[in-house]
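A note on names: the letters A, B, ... follow the listed sequences, proteins ahead of strands, and every chain is numbered from 1.
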Amino acid sequence: MLRTHTCGDLRADHLDQSVAICGWVDKYRDHGGVVFVDLRDRYGITQVSFKLDNASEIQQQAQELRHEDVIQVTGTVLHRGEGNINPKLDTGEIEVLAKALTILNKSRTPPFEPNGESLPNEELRLQYRFIDLRRRELQENLRLRHQICKATREYFNEQEFLEIETPILGRSTPEGARDYLVPSRVHEGAFYALPQSPQLFKQILMVAGYDRYYQIARCFRDEDLRADRQPEFSQIDIEMAFIELDDMLGIIDGLVAAMVKEVRGEDVTLPLPRYTHAEVMEKYGSDKPDLRFDLPIVEISDLVADSDFGVFKNTVGSGGHVRGLCVKGAADKYSRRILDNDLKGLVGEYGAKGLAYFKVVGGKLESSIAKFFNDEQQTAIVERMQGEDGDLLVYIADNWKVSCAALAALRNFLGKDLELYDPKSMQTCWIVDFPLVTRNEEENRWDAEHHMFCSIHPDDVELMQTDPGKVRAQSYDLVCNGYEAASGSIRIHDPAVQQQVFDLLNIDPEEAERRFGFLLEALRYGAPPHGGIALGLDRWVMLFAGSDNIRDVIAFPKTQRASDLMLGAPNEVDARQLKDLHIKVELPES
RNA sequence: GGGGCCGUAGCUCAAUUGGUUAGAGUACCGGACUGUCGAUCCGGGGGUUGCGGGUUCAAGUCCCGUCGGCCUCGCCA
């Protein structure tokens with residue numbers, strides 16, 4: 001071993017011991033006769049001192065040290081003496097007086113310092129990811145990620161789950177997200193697809209009798225990226241047989257509690273709260289509400305249907321909704337310019353044509369449009385909103401979908417901007433009773449809300465024939481701080497029911513057989529009742545880390561355009577390789 | 001596919017709204033210094049303002065295109 005201790009180990013009880021430590025030169029302070037080096041590894045920072053009167057040769061060597069050099073130091077642990085203790089370091093009470101110095105590897109001048117005052121731009125950080133990953137924050141995040149994986153494995157292992165791997169090279173099923181394709185050399189002109197999730201395999205494992213399965217699975221989706229979305233990501237994938245919805249939720253409640261206990265040492269109150277889809281859409285406009293703050297949506301359509309304000313009146317008249325938020329004490333928080341430009345622009349991104357707003361003054365409304373509402377209407381609105389003087393009332397008048405999307409976005413903005421919650425807190429809940437299908441008006445058909453293997457709520461079987469849009473699915477999402485943190489369902493295990501759903505989705509038996517024949521075939525050979533769920537690992541690490549960017553919790557993430565700046569991927573390949581694969585590249589003319 | 005923000009020294013930023021030789025901090029190089037911990041002090045080198053056009057007497061600044069990064073709508077069963 002090149003070292004006896006790490007840079008985070010040494011304390012006052014190691015005094016006078018002879019030690020060897022290794023690490024990167026984080027900082028150096030050359031005083032001529034004495035040189036101080038802050039030596040860093042992932043465990044911490046320890047100060048090393050090199051003195052002229054102690055060993056002139058290594059003191060001179062030490063003067064040559066620069067940022068990010070990798071060195072080994074042997075020496076003696078000394079107390080720094082009163083007045084020289086550095087309270088900012090865990091090891092701040094001691095230092096290592098160097099007796100020997102080995103430069104294990106001289107570093108080029110780094111493009112940035114991992115613990116510098118300001119963070120360089122993301123492009124540079126991704127290009128030099130090996131330096132960025134030396135930053136304390138990223139090292140903490142990856143440790144957190146490990147802890148969560150560890151807690152997950154321990155939790156499932158204790159309960160007789162089997163960790164089973166499923167293939168990365170699979171079959172393309174042109175459903176949902178775009179697939180990443182991998183050409184086959186042996187099968188000319190044919191392609192594998194990388195899995196969007198192990199969904200079909202895990203259901204087949206249930207048919208095969210492995211009734212408790214889990215896997216930390218890598219998934220791939222060739223869609224556009226977001227701050228919380230990468231083209232390849234990891235999910236904690238679970239499937240169980242002989243269970244019902246409540247069992248599944250209970251198991252995952254336990255997992256969440258185990259993760260929180262492992263990471264934060266806190267106890268979570270179980271069961272986690274459950275809300276129905278209809279409930280949260282009405283109250284928060286979103287199926288993934290941020291429950292760290294309240295700020296509910298309130299509908300006033302009935303109160304303004306007869307008002308003189310055309311926008312409200314016409315919206316209600318044509319079946320739309322007038323809904324809004326009462327922002328406590330915020331009447332003077334936002335200028336007219338911000339309301340009319342920034343906030344209107346924000347809701348505009350979600351299709352809202354405008355944003356109406358009032359201040360509550362003396363129990364009445366005040367704004368440029370207040371004159372369109374009579375005293376009675378104004379009083380009724382203030383009362384419905386539970387408004388008090390100094391509150392800001394904001395409204396969206398639009399169809400249900402737009403009003404939900406716009407108000408949800410507005411609510412999230414206000415929650416963050418007005419600091420309505422503790423950013424470190426976590427509020428987790430279940431959303432249940434999703435609709436089985438949603439209407440796709442453009443294509444004039446029903447689309448699966450979750451996926452087409454999702455079973456039907458037992459109370460709604462009759463509705464399949466009469467009113468499919470009202471049928472609830474046995475599906476469930478776990479939502480944390482406004483993120484979809486897990487999603488799953490009880491599956492269909494009866495081929496006849498599966499056909500019923502295919503019929504509704506307008507997928508004829510032949511097409512179904514062609515696309516999912518292997519699953520349908522499996523269901524015919526003794527499929528047990530089963531269900532499952534998948535938790536987005538990256539998002540959970542993000543949530544625990546308090547970060548709002550998924551790149552901060554992935555060791556080697558990709559950019560917004562899905563490239564790896566360190567590797568230079570994706571890249572063009574040799575003509576030879578393409579020839580082997582019978583692939584001809586034809587670029588669009590520019 | 002659409003919208004928005006950004007790109008100036010190795011890095012983080014500035015440049016009085018189009019006007020002299022593009023500055024500062026830090027990093028880097030040289031020197032001084034035996035108790036610092038954002039060390040300090042003295043000196044030095046470092047720029048095709050992402051790239052390509054255009055407007056203008058004059059462009060880091062304005063216009064068009066392009067490349068790259070970030071955010072976002074659509075998309076993500």
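- Only the C1' atoms considered, B/G46 is 9 Å distant from B/G10, to the nearest whole Å.
- In this structure, A/R178 and A/E223 approach most closely via the heavy-atom pair N-OE2, 2.9 Å.
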Show each protein N/O and nucleotides 1-4 of chain B N/O combination with a separation under 3.5 Å, one pair to a line.
{"unit_1": "B/G1", "atom_1": "O6", "unit_2": "A/D224", "atom_2": "OD2", "d": "3.2"}

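- Taking every heavy atom of residues 402-411 of chain A and every atom of RNA chain B, no pair lies under 4.0 Å.
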Protein-nucleotides 41-47 of chain B N/O pairs under 3.5 Å:
none

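- If you check B/U12, B/C70, B/C73 against the side chain of A/Y350, the one that comes closest is B/C73.
- Of the side-chain N and O atoms in A/N121, one or more sit less than 4.0 angstrom from OP1 or OP2 of B/U12.
- Remark: the separation of the P atoms in B/U49 and B/G53 is 13 Å, to the nearest Å.
- Pairs passing the side-chain hydrogen bond (donor to acceptor under 3.5 Å, both in side chains) check and including a residue from residues 83-93 of chain A, sequence neighbours excluded, read A/H79-A/E93.
- Nucleotide B/U48 forms no Watson-Crick or G-U wobble pair with any nucleotide shown, as no partner meets the under 3.5 Å limit on both distances.
- For the pair A/D41 (side chain) and A/G44 (backbone), a donor-acceptor distance under 3.5 Å is present.
- A/F36 comes within 4.0 angstrom of a base, heavy atoms only.
- Across all strands shown, B/C76 remains unpaired; no Watson-Crick or G-U wobble contact has both distances below 3.5 Å.
- The side chain of A/R561 places an N or O atom within less than 4.0 Å of a non-bridging phosphate oxygen (OP1 or OP2) of B/G68.
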Original post:
Which letters describe nucleotides 23-33 of chain B, given B = protein heavy atom under 4.0 Å from base, S = only from sugar-phosphate, - = neither?
Top reply: ----SSS---B

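- Using a 4.0 Å heavy-atom cutoff across all strands shown, A/R80 reaches at least one base atom of the nucleic acid.
- Annotation: cation-pi geometry not satisfied between A/R42 and A/W24 (NZ/CZ under 6.0 angstrom from ring centroid, within 45° of ring axis).
- Proximity note for A/E123 (side chain, C-beta onward) versus B/C76, B/G68, B/C70: the nearest is B/G68.
- Legend: residues meeting salt bridge (Lys or Arg N to Asp or Glu O under 4.0 Å) with A/E137, ordered by chain and number and at least two apart, are A/R135.
- Phosphate contact (OP1/OP2 of B/C71, side-chain N/O of A/R551, threshold under 4.0 Å): present.
- Base orientation of B/U12: anti, the glycosidic angle falling outside 90° of 0.
- Considering CZ of A/F233 and CD of A/Q196, their distance stands at 8.5 Å, rounded to 0.5 Å.
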